[in-house]
Amino acid sequence: MLVKNKNFNLQQIAESGQCFRMNQIAENKYSLIAYDRYLELEQIDEEEVELSCSEEEYELIWRDYFDLDYDYQRIIDTLLQGKDGFLKEAAEFGYGIRILKQDFFEMMISFIISQNKNIPGIKSCIEAICKKYGNYMVCETTGVSYYSFPAPEALAQADLKDLRELKVGYRDAYILSAAKAVAEGQINLSVIKNCSYEEAKAKLMAIHGIGEKVANCICLYGLHHIGVFPVDVWIKRILKEIYQDEFNIRQFDGYMGIVQQYMFYYMRNKTA
DNA sequence: CTCCAGGCCCCGA
DNA sequence: TCGGGGCATGGA
């Protein structure tokens, strides 16, 4: 299944720090596990990506997952035509990144794990959790075996000692409280999906182990509130060192989260 | 070896 | 309401 889009770059997305189960498997080729499925993707050229799935599956899952009906070029152009030098560089550098519409529960747990961890560390914890609490599956089209991300009910039955063995550290209780909140109904997906950003954030922050930053990431990546501006150590560094703490986060009202993604990605990689 | 990571909780002021 | 210490652990 061939997809044409001017702003669809696999490497950029895989390394953007928003998804943790997308990995390079060969030159220009990536694997992805999401929504209980396994997908392989190949960057054919700057504007073309080949997906290892049928057109039906693409229409059902991946078109929406990669937010392919949203015009990211418009935002890139806005930044490139603006007066802000840092944002120009960030837009040029982050060209091809999109904000994925990932699974809500997976984002909850992934960003709880993310606190005080680097991205390779986050990934290894998530894989360990999938292997222990997810389902063993085999992809029909590729024959590749993998573990799905666990359902809330499965993870809610974990005990702290077992979680600790997966090297999640002090986040064990946070993971458990979040899984129980979903499994027991305090957080209901169909309800929170229809909440405003403020309501969703408040519900999330009521969970032990979810603060403002993690709640914002869940809202942005798990609920697709693209106006949200998560502030982590890298963004803090930008706000202080580049803008002397005078950055106006209201200047891109309604899509500040996308701009944030370009800023984060540029700052994290430009000196690496 | 040391330093740091897409932070949060908890405590004392 | 705000600031700082403590926290588990692996990667660099």
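Reminder, nothing fancy here: chain letters follow the sequence lines and each chain counts from 1. FYI, side chains are in, hydrogens and waters are out, and symmetry mates aren't considered; it's all heavy atoms of this structure. Note that the structure is a prediction, hence the values are computed from the model and not measured.
Taking atom CZ of residue Arg171(A) and atom P of nucleotide dG6(C), one finds them 17 Å apart after rounding to whole Å. With rounding to whole Å, Ile122(A) atom CD1 is found 8 Å from dA5(B) atom C1'. At whole-Å resolution of the value, CZ in Phe20(A) and P in dG6(B) are 9 Å apart. Atom pair Ile129(A):CD1 and dG10(C):P shows a separation of 14 Å (rounding to whole Å applied). Summarising the geometry, the separation between CD1 on Ile126(A) and C1' on dT9(C) is reported as 15 Å, rounded to the nearest angstrom. For the pair Met267(A) CE and dA5(B) P, the interatomic distance rounds to 11 Å; values are reported in whole Å. Atom CD in Glu127(A) sits about 13 Å away from atom P in dG11(C), given to the nearest Å. A straight line from CD of Gln115(A) to C1' of dC7(C) spans 10 Å, rounded to a whole angstrom.
Minimum heavy-atom separation, Leu220(A) to Val228(A): CD2-O, 4.1 Å.
Taking the six-membered ring where the residue is Trp, the centroids of Tyr35(A) and Phe149(A) are separated by 6.0 Å or more.
By the 30° and 60° cut-offs, the orientation of the rings of Tyr65(A) relative to Trp62(A) is perpendicular.
Spacing of P atoms, dA8(C) relative to dC11(B), comes out at 15 Å, to the nearest Å. Nucleotides dC3(B) and dG5(C), compared at atom P, are 15 Å apart to the nearest Å. Look at the P atom in both dG4(C) and dG6(B): the space between them is 23 Å, to the nearest Å.
The His208(A) side chain lies nearest to dC9(B) when the options are dT9(C), dG6(B), dC9(B). If you check dG6(B), dA8(C), dG7(B) against the side chain of Arg164(A), the one that comes closest is dA8(C). When the nucleotides dG7(B), dG6(B), dA5(B) are ranked by their closest atom to the side chain of Phe111(A), dG6(B) comes out on top.
In this structure, Ile112(A) reaches neither bases nor backbone, as no heavy-atom distance under 4.0 Å exists between it and the strands shown. In this structure, Gly17(A) reaches the bases: a heavy-atom distance under 4.0 Å links it to at least one base atom across the strands shown. Among the protein residues, Ser110(A) comes within range of no part of the nucleic acid, since none of its heavy atoms lies under 4.0 Å from any strand. Heavy atoms of Lys167(A) sit under 4.0 angstrom from primed sugar atoms or phosphate atoms, though from no base atom.
Where Leu220(A) and Gly209(A) each meet DNA chain B at their nearest nucleotide, the meeting point lying more 5' is that of Leu220(A). Toward the 5' end of DNA chain C, the nearer of the two residues Tyr170(A) and Pro120(A), judged by each one's closest nucleotide, is Tyr170(A). Along DNA chain B, the nucleotide closest to Met205(A) and the one closest to Ile119(A) are compared, and the more 5′ of them pairs with Ile119(A).
Counted within 6.0 Å of NZ on Lys203(A), heavy atoms from surrounding residues, nucleotides or ligands total 12 or fewer; the atom is thus considered open.
In the interface, the side chain of Asn116(A) is paired with the base of dA8(C) through a donor and an acceptor atom under 3.5 Å apart. Scanning atom types as modelled, one donor and one acceptor separated by under 3.5 angstrom connect the side chain of Tyr221(A) and the base of dG6(B). Remark: the Tyr174(A) side chain and the dG7(B) base include no donor-acceptor N/O pair separated by less than 3.5 Å.
Checked against salt bridge (charged side-chain N to carboxylate O under 4.0 Å, His left out), Asp77(A) has no partners two or more places apart in sequence or in another chain.
Side-chain atoms of Glu40(A) and Tyr38(A) form a donor-acceptor pair, as typed in the model, at a separation below 3.5 Å.
Considering only side-chain N and O atoms, Arg237(A) lies under 4.0 angstrom from the phosphate OP1 or OP2 of dA5(B).
Under the stacking definition used here (centres under 5.5 Å, planes under 30°), the residue Trp234(A) fails to qualify as stacked on the base of dG6(B).
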